Amino acid sequence: MNNPFIETMLSRRSVKSFTDALISEEDLNTILTCGQYAPTGTGQQNYRLVAIRDRAVIDEMIAIHNTVSSKPGDPFYGAPTVVVVFETDASATPVQNASCIIDHMLLAAHGLNIGGCWINGVVGIFQTEAGKALQKRLGVSEEYFAVGSAALGESAAPKRTPNERENTIIRIG
């Protein structure tokens, strides 16, 4: 196939091992902008994207995660950047909106040769009292809730080849 965008989509894989190197501000801004241009239900733009590069804040999220998760450890796989997507019930489709935003950011990251992984663990983090306090400190009002996040950074592992996709499509007509 000779379409770079399709190739980017088909070759993206989740990265679960990152170096400590921060991605550039320019690349982060590009990734965030791509997230902003994701489709949203009825065109509502109620989300908040919180880009976190402060290691102390990421470590605080990990500590909160470890108090509520049945799988303690670093849910961000050592990523030096985490973008949390918050939505509100004022949106017609908050979970769908955030899902499209995260997907756009992960595709943009891959297109820039930056590793990324979708992380759902932030949902539980920001449902706790400690998480709600952190959310407030991050400048996100309480009517918002975390839907998911993207862990971003330089991959510390070799690129993986995709598994074959079988029996996932039904065609009618």
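Note that the coordinates shown come from a computational prediction; the quantities given were computed from them, not determined experimentally. These values consider heavy atoms only, across backbone and side chains, with no hydrogens, waters or symmetry-generated copies.
By the side chain to side chain donor-acceptor pair (under 3.5 Å) test, Asp103 pairs with no residue at all, sequence neighbours left out. Every residue two or more places apart in sequence or in another chain that forms a ring-ring contact (aromatic ring centres under 6.0 Å, His included) with Phe126 is listed here: Phe86. Shown here are the salt bridge (Lys or Arg N to Asp or Glu O under 4.0 Å) partners of Glu26, two or more places apart in sequence or in another chain: there are none. For Arg48, the side chain to side chain donor-acceptor pair (under 3.5 Å) partners two or more places apart in sequence, or in a different chain, are Tyr144. Take Ile52 and apply the side chain to side chain contact (heavy atoms under 4.5 Å, CB included) test, not counting sequence neighbours, and it matches Val50, Val57, Ile58, Met61, Val84, Leu138. Residues that satisfy the side chain to side chain donor-acceptor pair (under 3.5 Å) test with Tyr77, not counting sequence neighbours, are absent from this structure. For Glu143, the side chain to side chain donor-acceptor pair (under 3.5 Å) criterion is met by Ser141, not counting sequence neighbours.
Linking Ile, Leu, Val, Met, Phe, Trp and Tyr whenever their side-chain heavy atoms come within less than 4.5 Å leaves Val85 and Val123 in two separate clusters. Grouping the Ile, Leu, Val, Met, Phe, Trp and Tyr side chains by contacts below 4.5 angstrom, directly or via other members, places Leu28 apart from Leu22. Cluster membership for Phe76 and Val83, using ILVMFWY side-chain heavy atoms within less than 4.5 angstrom, is not shared. Ile102 and Leu107 fall into different hydrophobic clusters, where Ile, Leu, Val, Met, Phe, Trp and Tyr side chains are chained together by heavy-atom contacts under 4.5 Å. Hydrophobic clustering of Ile, Leu, Val, Met, Phe, Trp and Tyr side chains at less than 4.5 Å, counting indirect connections, keeps Val140 apart from Ile101.
Other cluster members for Val95: Phe145, Val147, joined by side-chain heavy-atom distances under 4.5 Å among Ile, Leu, Val, Met, Phe, Trp and Tyr.
If you take NZ on Lys71 and CG on Asn66, they are separated by 13.0 Å, rounding to the nearest 0.5 Å. Summarising the geometry, atom CG belonging to Leu152 is positioned 7.0 Å from atom CE belonging to Met105; distances are rounded to the nearest 0.5 Å. Atom NE2 of His104 sits about 12.5 Å away from atom OG of Ser99, to the nearest 0.5 Å. The structure places OG1 of Thr81 at 4.5 Å from CZ of Arg53, a figure rounded to the nearest 0.5 Å. From Glu142, atom CD reaches atom CD of Gln135 across 8.5 Å, with rounding to the nearest 0.5 Å. Taking OG1 of Thr30 as the start and CD1 of Ile23 as the end, the distance is 9.5 Å to the nearest 0.5 Å.
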List, one per line, each side-chain donor-acceptor pair under 3.5 Å for residues 162-169, sequence neighbours excluded.
residue : atom : partner : partner atom : Å
Arg165  : NH1  : Asn163  : O            : 2.6

Quick one: side chains of residues 115-122, donor-acceptor pairs under 3.5 Å with protein atoms, not counting sequence neighbours, listed by atom name and distance.
residue : atom : partner : partner atom : Å
Trp118  : NE1  : Asn120  : OD1          : 3.0

With a cut-off of 3.5 Å and sequence neighbours excluded, list every side-chain donor-acceptor pair involving residues 31-45.
residue : atom : partner : partner atom : Å
Thr33   : OG1  : Asn29   : O            : 2.8
Thr40   : OG1  : Gln44   : N            : 3.4
Thr40   : OG1  : Gln44   : O            : 2.5
Thr40   : OG1  : Gln45   : NE2          : 3.0
Gln44   : OE1  : Ala92   : N            : 2.6
Gln45   : OE1  : Tyr47   : OH           : 3.1
Gln45   : NE2  : Gly43   : O            : 3.3

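Here the shortest heavy-atom pairing between Pro4 and Asn2 reads CD-O, 3.7 Å. In terms of heavy-atom proximity, His110 sits nearest to Thr8 at CD2-O, 3.1 Å. Heavy-atom minimum distance, Pro80 versus Thr19: CD-O, 3.6 Å.
Not a single donor-acceptor pair under 3.5 Å links the side chain of Thr88 to the backbone N or O of Ser91. In this structure, the side chain of Thr128 engages the main chain of Gly131 through a donor-acceptor pair within 3.5 Å. Judged purely by atom type and a 3.5 angstrom limit, Arg160 uses its side chain to pair as donor or acceptor with the backbone of Ser14.
Heavy-atom neighbours of Asp20 CG from other residues, nucleotides or ligands within 6.0 Å: at or below the threshold of 12.
There is no side-chain donor-acceptor pair under 3.5 Å between Glu7 and Ser11.
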* Run the side-chain contact (heavy atoms from CB on, under 4.5 Å) check on Glu154 and Ile114 step by step: do they pass? -> CA-CA 6 Å; Glu154 179 182 297; Ile114 294 167; over 6 Å; no
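For residues 121-130, the pairs satisfying salt bridge (Lys or Arg N to Asp or Glu O under 4.0 Å) are Glu129-Lys132, with sequence neighbours left out.
Under the 4.0 Å criterion applied to side-chain N and carboxylate O atoms, Glu60 and Arg137 are assigned as salt-bridge partners.
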